[in-house]
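Beneath this line is the structure, given in structure tokens, with notes to follow.
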Amino acid sequence: MERALAELGAADPVMGRLVAQGARPALRKREPGFAALAWIVVGQQVSVASAAAIWARVQARLGSVTAETVAGADAALLKSAGLSAPKIRTLRALSEAIVSGTLALDALADRPADEAHAALTAVKGIGPWTADIYLLFCLGHPDAFPAGDLAVQEAARLAYALDARPTAKALEGMAERWRPWRGAAAKVLWAYYRIAKQREGVVG
């Protein structure tokens with residue numbers, strides 16, 4: 001991370017300024033694998049507390065959350081854990097891709113970020129944000145970049161004094177200057193977003 005931050009600052013003075021102002025990302029990594037990706041899917045569009053409760057019920061019903069146990073689980077069983085129909089479809093598609101060998105999660109860390117992202121989003125139900133969060137926080141991929149994340153977009157607006165929050169496409173263009181450390185840049189922007197919102201009294 002130190003190398004990434006140093007090179008980002010050299011390539012982009014704004015990034016250097018953000019880090020100097022305290023937007024220094026904490027090292028955070030979740031164990032990679034099917035369960036980690038499934039957890040990200042489960043946590044979409046629900047509170048952390050709700051996601052944890054649903055995840056606990058999924059674990060209780062399956063014993064262990066693996067591609068094989070999800071593939072073999074009855075839809076009614078998964079629904080009884082609190083999973084919505086779209087999330088059940090996504091988890092089933094993901095488990096089937098892994099069991100069939102279509103998706104090799106273990107190999108993603110060694111692939112360029114764009115290729116790894118494409119491999120994940122090829123699974124029906126896995127969107128860009130889910131793919132990038134997995135690559136960033138489970139694999140620690142240095143160049144994964146969640147251009148569609150609203151907090152990252154808002155942080156970029158504030159940091160670069162833009163008139164409006166950049167679109168995902170516009171932010172992808174901005175991020176080209178941060179290769180091969182776009183993942184570190186995203187984490188800097190998240191850290192800066194939190195600092196900015198604390199100043200506004202929005203978050204504690």
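Heavy-atom basis, side chains included; hydrogens, waters and symmetry copies ignored. Values in this document were obtained by computation on a predicted structure and should not be read as measured data.
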> Looking only at heavy atoms, which two atoms of Pro25 and Val188 are closest? And how far apart?
Replying inline: CG-N, 3.7 Å

> Got a sec, which residues hit ring pair (Phe, Tyr, Trp, His ring centres under 6.0 Å) with Trp129, two or more places apart in sequence or on another chain?
Replying inline: none

> Should Leu158 and Ile195 be counted in the same cluster of Ile, Leu, Val, Met, Phe, Trp and Tyr side chains packed under 4.5 Å apart?
Replying inline: no

>> Can you give me the closest heavy-atom contact between Leu162 and Ala156, atom names plus distance?
In response: CD1-O, 4.0 Å

> Could you give the distance from OH (Tyr192) to NZ (Lys197), rounded to the nearest 0.5 Å?
Replying inline: 10.5 Å

> Which pairs with one or both residues in residues 117-131 pass salt bridge (charged side-chain N to carboxylate O under 4.0 Å, His left out), sequence neighbours excluded?
Replying inline: none

> Between Lys187 and Leu136, which heavy-atom pair has the shortest distance, and what is it?
Replying inline: NZ-O, 3.6 Å

> Using 4.0 Å as the upper bound for N to carboxylate O, is an ion pair formed by Lys169 and Glu172?
Replying inline: no

Output a table of donor-acceptor pairs, distance under 3.5 Å, between side-chain atoms of residues 4-20 and any protein atom two or more places apart or on a different chain; print 'none' if there are none.
from  : atom 1 : to     : atom 2 : distance (Å)
Glu7  : OE1    : Trp181 : NE1    : 2.7
Glu7  : OE2    : Arg3   : NE     : 3.0
Asp12 : OD1    : Val14  : N      : 3.0
Asp12 : OD2    : Tyr160 : OH     : 2.5
Asp12 : OD2    : Trp178 : NE1    : 2.8
Arg17 : NH2    : Ala159 : O      : 2.9

> What ring-ring contact (aromatic ring centres under 6.0 Å, His included) pairs are there with at least one residue in residues 70-92, not counting sequence neighbours?
Replying inline: none

> What residues form a side chain to side chain donor-acceptor pair (under 3.5 Å) with Glu176, not counting sequence neighbours?
Replying inline: Arg179

> Run the side-chain contact (heavy atoms from CB on, under 4.5 Å) check on Ile126 and Val41 step by step: do they pass?
Replying inline: CA-CA 8 Å; Ile126 300 294; Val41 172; 3.9 Å; yes

> To the nearest 0.5 Å, what is the distance between CZ (Arg165) and CD (Glu154)?
Replying inline: 5.0 Å

> If Ile, Leu, Val, Met, Phe, Trp and Tyr residues are connected whenever their side-chain heavy atoms lie under 4.5 Å apart, and connections chain through other members, are Phe34 and Val99 in the same group?
Replying inline: no

>> Using 0.5 Å steps for rounding, measure from the CZ atom of Arg182 to the CG atom of Leu171.
In response: 10.0 Å

> What's the shortest heavy-atom distance between Val42 and Val46, and which atoms?
Replying inline: O-CG2, 3.6 Å

>> Could you walk me through whether His141 and Leu108 satisfy the side-chain contact (heavy atoms from CB on, under 4.5 Å) test, starting with their C-alpha distance in whole Å, then the side-chain angles of each, then the deciding distance to 0.1 Å, before giving a yes or no?
In response: CA-CA 9 Å; His141 203 298; Leu108 294 180; over 6 Å; no

> So, do Leu37 and Leu120 sit near enough that their side-chain heavy atoms are less than 4.5 Å apart?
Replying inline: yes

> Got a sec, which residues hit side-chain contact (heavy atoms from CB on, under 4.5 Å) with Thr69, two or more places apart in sequence or on another chain?
Replying inline: Leu62, Ser64, Thr66

> Do any pairs count as a side-chain hydrogen bond (donor to acceptor under 3.5 Å, both in side chains) and have a residue in residues 93-110, sequence neighbours left out, and if so which ones?
Replying inline: Ser100-Thr102

>> If I compare all heavy atoms of Ala36 with all of Glu31, which pair ends up nearest, and what's the gap?
In response: CB-O, 3.0 Å

> Do any pairs count as a ring-ring contact (aromatic ring centres under 6.0 Å, His included) and have a residue in residues 55-91, sequence neighbours left out, and if so which ones?
Replying inline: Trp39-Trp55

> Under the side chain to side chain donor-acceptor pair (under 3.5 Å) test, which residues partner Thr167, sequence neighbours left out?
Replying inline: none

>> Checking Glu2 now: which residues fulfil side chain to side chain donor-acceptor pair (under 3.5 Å) with it, not counting sequence neighbours?
In response: Arg24

> Donor-acceptor pair, His117 side chain versus Phe145 backbone, under 3.5 Å?
Replying inline: no

>> Give me the atom names and distance for the closest heavy-atom approach of Ala113 to Leu135.
In response: O-CD1, 4.1 Å

>> Quick one, Phe137 with Ile40, criterion side-chain contact (heavy atoms from CB on, under 4.5 Å). Give me CA distance, side-chain angles, the key distance, then yes/no.
In response: CA-CA 10 Å; Phe137 293 106; Ile40 295 170; over 6 Å; no

Do any side-chain atoms of residues 70-82 form donor-acceptor pairs under 3.5 angstrom with protein atoms, and if so which ones, sequence neighbours left out?
from  : atom 1 : to    : atom 2 : distance (Å)
Asp74 : OD2    : Ala76 : N      : 2.8
Ser80 : OG     : Arg61 : NE     : 2.8
Ser80 : OG     : Leu77 : O      : 2.6

> Can you name the side chain to side chain donor-acceptor pair (under 3.5 Å) partners of Arg89, sequence neighbours left out?
Replying inline: none

